[in-house]
Amino acid sequence: FVVRTITDQQFDAKKLILATGVEDRMPAIPGFAACWGISVLHCPYCHGYEVHGQQLGIIANGDTAYEMAWHIQHWSPNMTLFTNGPATISDEHRQIIAALNIPIIEKEIAAIEHQHGQLKTLHFTDGTDHVLDAVFSRVAFRQHSDLAQRLGCKIDEPGYISVSAFGETSIPGVYAAGDNSSPMRQVLVAATKGNLAGVMINRTLIEEKVAALSAQTAN
């Protein structure tokens with residue numbers, strides 16, 4: 001592989017590892033982006049315990065709203081689902097959400113009031129509001145770099161680079177690690193995936209060298 005930078009530096013390598021991450025796409029709700037990762041949370045496994053028992057909300061709709069509702073209902077008895085407009089939730093899922101004692105508010109969100117990223121209040125377009133400590137929401141994302149696509153690497157349906165257990169993509173010799181190829185967005189997971197890819201690259205390079213020496217010896 002040959003990598004050439006915009007400053008015309010050139011780097012040659014037998015293997016390539018992409019650790020390019022992803023870019024989250026924030027909804028056009030004032031205050032949402034400022035609270036992202038502070039009090040607007042994407043993952044109950046990353047943030048759930050810190051806010052358990054508080055006034056919590058979910059901003060989602062459709063099947064995503066249902067999945068998030070049953071998934072994190074145990075973090076607080078004070079949980080509310082905000083669909084940010086008319087709900088697109090099936091009757092069956094509505095019944096289960098109701099059985100979990102999670103009210104559904106279908107008002108359109110006008111803005112999130114916060115202080116330095118710490119959520120205070122949801123304001124609705126009808127002039128009403130709702131006091132909260134934190135909300136969970138799942139936003140769209142895209143690959144931070146298009147290098148994987150340009151190399152021809154397979155991208156799965158959610159938008160992640162498809163990799164083997166050791167990080168190799170569909171293109172031999174090209175590996176990926178971190179958020180670009182895993183929905184588990186944690187530093188520990190990203191570092192582990194990078195380490196696994198590094199181990200496999202090292203082993204593969206050694207195997208290739210030994211195989212070449214073996215071929216020479218046989219000849």
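Everything quoted here is computed from the prediction, not taken from an experiment. Just so you know, these numbers use all the heavy atoms, side chains as well, and skip hydrogens, waters and symmetry mates.
Between the CD atom of E108 and the CG atom of N84 there is a distance of 6.0 Å, given to the nearest 0.5 Å. For the atom pair SG (C43) and CE (M184), the distance works out to 6.0 Å, reported to the nearest 0.5 Å. For the atom pair CG (L18) and CG (L151), the distance works out to 6.5 Å, reported to the nearest 0.5 Å. Atoms NZ and CD1, on K14 and I201 in that order, are 13.0 Å from each other to the nearest 0.5 Å.
A donor-acceptor contact shorter than 3.5 Å links the side chain of S137 to the backbone of I59. A donor-acceptor distance shorter than 3.5 angstrom exists from the side chain of T204 to the backbone of M200, with no hydrogens or angles considered. Remark: side-chain polar atoms of S76 are paired, donor with acceptor, to backbone N or O of Q54 under 3.5 angstrom. Under the 3.5 Å distance criterion, the side-chain polar atoms of S90 are matched with a main-chain donor or acceptor of H93. Within the 3.5 Å criterion, the main-chain N or O of G57 finds no donor-acceptor partner in the side chain of T80. The closest donor-acceptor contact from the side chain of D179 to the backbone of T20 lies at 3.5 Å or more, if one exists at all. Checking side-chain atoms of Q118 against main-chain N and O of D133 turns up a donor-acceptor pair under 3.5 Å. Distance alone, capped at 3.5 Å, places no donor-acceptor pair between the S39 side chain and the A134 backbone.
Around CZ of F166, the count of heavy atoms belonging to other residues, nucleotides or ligands within 6.0 Å does not exceed 12. The number of heavy-atom neighbours closer than 6.0 Å to CZ of F1, taken from other residues, nucleotides and ligands shown, is above 12. With a 6.0 Å radius and a threshold of 12 heavy atoms from other residues, nucleotides or ligands, E92 has its CD atom at or below the threshold. The 12-atom threshold is exceeded at CG of N78, counting heavy atoms of other residues, nucleotides or ligands nearer than 6.0 Å.
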Next item on the list: Evaluate the criterion salt bridge (Lys or Arg N to Asp or Glu O under 4.0 Å) for residue pair R25 and E23; output intermediate values, then yes/no.
Entry: CA-CA 6 Å; R25 311 291 287 174; E23 178 186 355; 3.2 Å; yes

Next item on the list: Kindly indicate, with the supporting measurements, whether the criterion salt bridge (Lys or Arg N to Asp or Glu O under 4.0 Å) is fulfilled by R185 and D24.
Entry: CA-CA 12 Å; R185 299 188 189 180; D24 291 317; 2.5 Å; yes

Next item on the list: List the steps and the verdict of side chain to side chain contact (heavy atoms under 4.5 Å, CB included) for K107 and T128.
Entry: CA-CA 9 Å; K107 300 176 183 180; T128 60; 2.9 Å; yes

Next item on the list: Check the pair K154, T169 against side chain to side chain donor-acceptor pair (under 3.5 Å), reporting the backbone distance first and the verdict last.
Entry: CA-CA 7 Å; K154 181 180 178 181; T169 71; over 6 Å; no

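Heavy-atom minimum distance, G178 versus A190: CA-CB, 3.9 Å.
Using a 4.5 Å cut-off on side-chain heavy atoms (C-beta onward), L196 and Y175 make no contact. Annotation: side chain of L122 is not in contact with side chain of I105 (no heavy-atom distance under 4.5 Å). Residues Y160 and S182 form no side-chain contact, since every pair of their non-hydrogen atoms from C-beta on lies 4.5 Å or further apart. Using a 4.5 Å heavy-atom cutoff, the side chains of V2 and F11 are not in contact. Inter-residue side-chain proximity for Q143 and I161 is flagged as met; some heavy-atom pair is nearer than 4.5 Å. Counting heavy atoms from C-beta on, the side chains of Q186 and Y45 come closer than 4.5 Å. Looking at heavy atoms from C-beta onward, T64 lies out of side-chain contact with N61 at the 4.5 angstrom threshold.
V163 and I155 end up in the same hydrophobic cluster when Ile, Leu, Val, Met, Phe, Trp and Tyr side chains are linked at under 4.5 Å. Linking Ile, Leu, Val, Met, Phe, Trp and Tyr whenever their side-chain heavy atoms come within less than 4.5 Å puts L147 and L16 in one cluster. No path of Ile, Leu, Val, Met, Phe, Trp and Tyr side chains, each step under 4.5 Å between heavy atoms, connects I17 with V189, placing them in separate hydrophobic clusters.
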Please table the atom pairs, donor to acceptor, closer than 3.5 Å between any side-chain atom in residues 109-116 and protein atoms at least two apart or in another chain.
residue	atom	partner	partner atom	Å
E113	OE1	H123	NE2	2.7
H114	ND1	G117	N	3.0

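Residues satisfying the side chain to side chain contact (heavy atoms under 4.5 Å, CB included) test with Q216, not counting sequence neighbours, are L213.
Residue L188 is found outside any hydrophobic cluster, as its side-chain heavy atoms come under 4.5 Å of no other Ile, Leu, Val, Met, Phe, Trp or Tyr. With a 4.5 Å cut-off between side-chain heavy atoms of Ile, Leu, Val, Met, Phe, Trp and Tyr, the cluster of I206 takes in V210. Listed by chain and number, the hydrophobic cluster partners of L56 are L41, Y49, V51, I58, Y66, M68, W70, I72, W75, M79, L81, I89, I96, I97, L100, I102, I104, F136, where partners are ILVMFWY side chains within reach of under 4.5 Å, directly or through others.
A donor atom on one side chain and an acceptor atom on the other are not found under 3.5 Å apart for D156 and S162. For T121 and D129, the side-chain atoms include no donor-acceptor pair closer than 3.5 Å.
Taking 4.0 Å as the cut-off between side-chain N and carboxylate O, E168 and K193 do not count as a salt-bridged pair.
Centroid-to-centroid, the aromatic rings of F141 and H42 stay 6.0 Å apart or farther.
Residue pairs meeting the salt bridge (Lys or Arg N to Asp or Glu O under 4.0 Å) criterion with at least one member in residues 207-219, sequence neighbours excluded, are K15-E208, R203-E207.
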